[in-house]
Amino acid sequence: MKITESLIKKTLMTVLMTILIAAIIASAIPKTLAQTQTGPVSREYILTGIRDDSLALTKVASGDIYFHGFRLLPSLVLQYQNNPNVQLLPNPNGGYYSFLYNPVPMSITGVFNPFEYREFRYATNFLIDRNYFVQGILSGGGLPMVTSVEASSPDYIYIAPYIDSLNIHFDEAYAFKIMSSVLIAHGAVQQGGNWYYNGQPITVKFFIRTDDPVRYNFGIWFQNELTKFGLNVEPIYGDLFKAFALIYGSDPKELGWHIYTEGWGASAFTKYSDVNPVQMYAPFFGYMPGYQVSGWWNYANATLDKIGNE
């Protein structure tokens with residue numbers, strides 16, 4: 001199947017973080033090079049794939065490469081912000097991080113899937129330590145989010161009372177309690193600290209991006225939380241291209257994955273977030289698992305589709 005732009009931009013939001021220091025790195029041409037090299041405008045550009053951001057920045061600072069186009073860990077931003085050979089280009093519009101869940105039901109696959117149940121998915125909101133994400137991984141370079149509408153959006157004032165009433169915060173014990181009640185209600189049992197269904201361990205496949213240190217670090221953290229809860233977590237490590245093929249290029253009912261460390265880059269300045277909630281939640285828009293591909297299993301929610309089309 002051809003992977004199109006509409007298949008790339010998908011999500012089922014449970015946690016979002018906005019990144020204020022998402023940066024593109026460009027080198028300032030060393031003065032000696034700028035003075036000695038003259039001639040016509042370059043007609044050839046050499047592109048090199050470097051997955052190690054620290055290595056890439058070393059090459060930028062030395063003049064071996066002139067542009068590194070990827071966001072950075074705040075620790076690297078702090079390390080290079082005063083380097084005369086490196087120019088940091090911050091993205092003022094930021095971006096988001098989220099977890100995408102595959103909620104395909106057991107009635108379709110014959111395999112127990114805890115993320116089938118809305119109550120289980122919602123409970124993980126309390127299992128995600130957004131403050132640790134911001135302070136521990138981003139070094140303070142972000143803000144916690146529990147909805148796809150940013151607190152800076154003019155729309156946020158209309159939903160803030162409802163969002164505040166949910167009191168979503170990190171509470172591991174509370175999350176485990178709700179998640180356990182959901183699993184027990186649907187026939188799962190816990191033995192020796194691990195969860196089973198029909199005698200088989202409940203296994204979830206977690207795709208963790210390795211080409212983004214932010215997603216990798218928080219993915220490992222969340223994997224540990226799910227393991228501590230008693231799920232058998234099978235990690236899948238890969239880069240953007242592997243993620244496109246597996247997450248967005250396969251039918252959810254194949255159960256090739258259950259969780260994905262998704263990321264979003266803000267691409268436009270808009271006064272109101274009219275499209276944002278529809279894109280992030282309403283199935284008809286084509287960004288939910290299944291992606292409205294004919295013949296695939298598709299996440300359905302008639303209420304969200306009705307509201308989104310009004």
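All values below were derived from every heavy atom in this structure, side-chain atoms included, with hydrogens, water molecules and symmetry-related copies excluded. All residue numbers in this chain count up from 1 along the given sequence. Just so you know, these numbers come straight off a predicted model, no measurement behind them.
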* Aromatic ring pairing Tyr97/Phe133, orientation class (parallel under 30°, perpendicular over 60°, tilted between) -> tilted
* **By side-chain hydrogen bond (donor to acceptor under 3.5 Å, both in side chains) - contacts of Asp305 (at least two apart)** => none
* For Lys177, enumerate each residue passing the side-chain hydrogen bond (donor to acceptor under 3.5 Å, both in side chains) test, keeping only those at least two apart in sequence or located in another chain. => none
* Asked: Under 6.0 Å from the NZ atom of Lys253, do we count more than 12 heavy atoms belonging to anything else shown?
  -> yes
* Asked: Which word best sums up how the rings of Phe244 and Tyr248 line up, parallel for under 30°, tilted for 30 to 60°, or perpendicular for over 60°?
  -> tilted
* **Leu246 and Phe241: CA distance, side-chain angles, deciding distance, side-chain contact (heavy atoms from CB on, under 4.5 Å) verdict** => CA-CA 9 Å; Leu246 179 60; Phe241 300 102; over 6 Å; no
Contacts under 3.5 angstrom, residues 105-115 side chains, donor-acceptor by atom type, not counting sequence neighbours:
from	atom 1	to	atom 2	distance (Å)
Thr109	OG1	Val111	N	3.1
Thr109	OG1	Val111	O	3.3
Asn113	OD1	Phe115	N	3.0
Asn113	ND2	Asn102	O	2.9
Asn113	ND2	Val104	O	3.0

* side-chain contact (heavy atoms from CB on, under 4.5 Å) between Phe170 and Asn131, intermediate numbers included -> CA-CA 8 Å; Phe170 178 57; Asn131 289 326; over 6 Å; no
* **Tyr197 OH: over 12 foreign heavy atoms closer than 6.0 Å** => yes
* To do: Applying ring pair (Phe, Tyr, Trp, His ring centres under 6.0 Å), name anything that partners Trp195, two or more places apart in sequence or on another chain.
  => Phe229
* Treating Ile, Leu, Val, Met, Phe, Trp and Tyr as nodes and any side-chain heavy-atom pair under 4.5 angstrom as an edge, say whether Ile307 and Met288 lie in one connected cluster. => no
* **Pair Ser98-Tyr260, side-chain donor/acceptor within less than 3.5 Å** => no
* Taking atom types as modelled, is there a side-chain donor on Asp64 or Ser62 under 3.5 Å from an acceptor on the other? -> yes
* Asked: Who are the ring pair (Phe, Tyr, Trp, His ring centres under 6.0 Å) partners of Phe222, not counting sequence neighbours?
  -> Phe99
* To do: Would you kindly say whether Arg209 and Tyr237 are connected by a side-chain donor-acceptor distance under 3.5 Å?
  => no
Would you list the atom pairs, donor with acceptor, under 3.5 Å between side chains in residues 155-165 and any protein atom, with sequence neighbours excluded?
from	atom 1	to	atom 2	distance (Å)
Asp155	OD2	Ser273	N	2.5
Ser165	OG	Tyr162	O	2.6

* Asked: For the residue pair Phe206 and His258, is the inter-centroid distance of their aromatic rings smaller than 6.0 Å?
  -> no
